[in-house]
Number of protein chains: 2
Amino acid sequence: MASEAIENYLKAIYSLSRESPTGEAGMKAIATLTGVTVGTASTMVKRMAGAKLAKYERFGGVRLTARGERAAIDVQRRHRLIETFLVETLKLDWSIVHAEAERLEHAISSVVLEALDIHLHHPSVDPHGDPIPGPDGKIRTERGAALSTFAPGSKIRVARITDQGPAFLSFIAEHGLRPGTKAIVAATESAAQSITVHASGYAAVTMAVAAAESIICESA
Amino acid sequence: MASEAIENYLKAIYSLSRESPTGEAGMKAIATLTGVTVGTASTMVKRMAGAKLAKYERFGGVRLTARGERAAIDVQRRHRLIETFLVETLKLDWSIVHAEAERLEHAISSVVLEALDIHLHHPSVDPHGDPIPGPDGKIRTERGAALSTFAPGSKIRVARITDQGPAFLSFIAEHGLRPGTKAIVAATESAAQSITVHASGYAAVTMAVAAAESIICESA
DNA sequence: CAGGTAAGTTTGAATCGTCAAACTTTTTGG
DNA sequence: CCAAAAAGTTTGACGATTCAAACTTACCTG
Ligand SMILES: [Mn+2]
Ligand SMILES: [Mn+2]
Ligand SMILES: [Mn+2]
Ligand SMILES: [Mn+2]
């Protein structure tokens with residue numbers, strides 16, 4: 001099995017290459033996401049290439065091999081099931097579970113994981129709305145567009161939150177913006193680079209368009 | 001915080017010195033319990049002494065400092081609460097949970113731990129009958145005597161199992177011998193070094209006296 | 001008490017993961 | 001096209017944890 005460190009690199013490379021148009025991750029981004037210096041990331045990626053988990057050439061981008069990708073998805077499944085458990089069963093606040101899962105994901109065995117999955121009745125998304133990969137590594141495709149792309153008057157449903165920071169999560173939850181809630185885009189103000197959203201039963205909230213990029217929604 | 005390795009040494013020294021008459025643990029025993037060579041144990045204990053977690057002198061026994069003991073008890077609390085959770089909530093078999101908890105105990109934060117404690121309604125013993133230390137480090141004293149010390153005809157109640165091996169645990173569970181069950185000592189045969197126990201609703205079972213040392217019971 | 005055995009210690013080496021700092025290559029904006 | 005800037009690579013070092021093997025001390029047994 002991959003070490004805890006390697007598992008973190010796998011996740012980082014996986015999610016970075018996911019959102020990059022080239023399908024490759026840069027060293028700098030890998031280093032930042034894993035909280036390590038660029039030199040360290042470079043060294044470790046080379047080691048991962050030796051272990052047939054990643055593929056890269058000097059000064060070129062990094063991508064995972066099939067083996068590496070599968071391993072990354074496994075870690076992601078563990079992470080998301082654990083987050084779901086922490087919120088659903090232990091009633092922890094969704095704003096803190098990401099950090100907790102970051103450590104537990106490396107210590108849980110597949111026996112415990114599958115028991116957790118059964119206990120939670122095979123959830124399909126985690127508390128942030130991210131899809132939970134199946135035990136076979138299959139992931140349901142994610143739909144939706146950033147809140148920032150909706151026009152005033154749009155009726156939306158929050159699908160996912162891509163910023164896992166506790167402060168942001170707490171802030172938006174106070175205004176009802178959690179995965180599943182419905183809301184209306186009340187206004188956009190291009191001069192102020194702001195967008196105002198109103199979830200029924202909550203006070204309307206105005207936030208920067210940049211912040212609204214982290215809220216993925218569907219038309220509703 | 002202590003590293004995962006150090007936490008394992010802490011637990012080993014703690015439980016060994018607990019059961020030793022001198023209150024000290026030997027290097028050989030520490031090494032065996034942690035699955036490491038004696039040289040490594042020696043090196044690590046010296047390091048722990050430097051960190052004021054253990055106290056020892058060359059060629060003398062090892063004991064924990066107050067700080068070390070407190071840290072060891074914390075790990076034990078985590079271990080036992082996790083075991084309880086795995087059995088009670090996730091319905092895993094008690095014969096395997098020890099090994100699982102051995103890894104998870106190092107990854108769980110106090111926030112998650114206390115949430116687990118609440119979810120389980122503050123259990124006082126783990127699935128093997130071992131007491132769960134309180135968050136303050138207090139441990140209820142353990143009563144009972146080894147099954148091997150009871151005379152034929154004794155009515156007993158199983159209190160704890162001190163052998164955490166899956167094979168032994170599965171074996172005795174098949175004969176109803178879990179913490180809490182009542183049974184009668186049907187016979188002892190000194191020539192065969194055996195003892196026969198009968199739990200109501202189960203077939204009587206004969207085992208070596210040495211094996212019966214691992215089953216702690218009270219008169220009932 | 002004298003050996004012999006068991007227990008404990010030291011040393012030298014290896015692996016893993018990391019950093020800082022020097023260096024190299026690529027990219028980018030005039 | 002060309003000089004900074006950004007990105008990436010290497011090297012040397014370090015701390016943590018471990019092993020094997022040589023060595024030392026303590027404990028027992030006849
Ligand atoms: Mn992690
Ligand atoms: Mn999540
Ligand atoms: Mn452990
Ligand atoms: Mn136990």
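Convention: sequence-line order gives letters A, B, ...; per-chain numbering from 1. Reckoned from all heavy atoms, side chains included, excluding hydrogens, waters and symmetry mates. This is a predicted model, so every value here is computed, not measured.
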The criterion is ring-ring contact (aromatic ring centres under 6.0 Å, His included); which residues satisfy it with A:H106, sequence neighbours excluded? none

Separation of atom CG in A:L16 from atom P in D:dG8, rounded to whole Å: 11 Å

Pair listing, salt bridge (Lys or Arg N to Asp or Glu O under 4.0 Å) test, anchored in residues 21-33 of chain A, at least two apart: A:E24-A:R63

Check DNA chain C against residues 51-65 of chain B and give the residues with a non-hydrogen atom under 4.0 Å, in numerical order. B:Y56, B:R58, B:F59

Just how far, in rounded Å, is C1' of D:dT9 from CD1 of A:I30? 14 Å

How would you list, by chain and number, every residue that makes a side chain to side chain donor-acceptor pair (under 3.5 Å) with B:S214, sequence neighbours excluded? none

Sugar-phosphate atoms are those with a prime plus P, OP1 and OP2; base atoms are the rest. Using that split, label each nucleotide of nucleotides 17-22 of chain D B, S or - for protein heavy atoms under 4.0 Å, 5' to 3'. BSBS--

Taking only distance into account, with no hydrogens and no angle test, what donor-acceptor pairs under 3.5 Å do side-chain atoms of residues 52-62 of chain B form with protein atoms, sequence neighbours excluded?
none

With distance as the sole test, does A:D93 use its side chain to make a donor-acceptor pair with the main-chain N or O of A:I96 at under 3.5 Å? no

Listed partners of B:P135 passing side-chain contact (heavy atoms from CB on, under 4.5 Å), at least two apart: B:R77, B:E114

Got a salt bridge between A:R78 and A:D74, using NZ or NE/NH1/NH2 to carboxylate O under 4.0 Å? no

Contact list for residues 32-46 of chain B, test salt bridge (Lys or Arg N to Asp or Glu O under 4.0 Å), sequence neighbours left out: none

Distance check needed: C:dT28 P versus A:K28 NZ, whole Å only. 14 Å

Residue pairs, two or more places apart or on separate chains, that pass salt bridge (Lys or Arg N to Asp or Glu O under 4.0 Å) and touch residues 96-105 of chain B: B:K11-B:E102, B:K11-B:E105, B:E100-B:R103

Quick one: list whatever passes side chain to side chain donor-acceptor pair (under 3.5 Å) with A:S190, sequence neighbours left out. none

Please collect all salt bridge (Lys or Arg N to Asp or Glu O under 4.0 Å) contacts where either partner lies in residues 139-148 of chain A, sequence neighbours excluded, each pair once. A:E142-A:R160, A:R143-A:E218

Taking only side-chain N and O atoms of A:K46, does any of them lie within less than 4.0 angstrom of OP1 or OP2 on D:dT10? yes

Considering only nitrogen or oxygen atoms on both sides, find all protein atoms under 3.5 Å from nucleotides 3-5 of chain C and state each distance.
none

Atom pair distance, as rounded to whole Å: CE in A:M48 and P in D:dT9: 14 Å

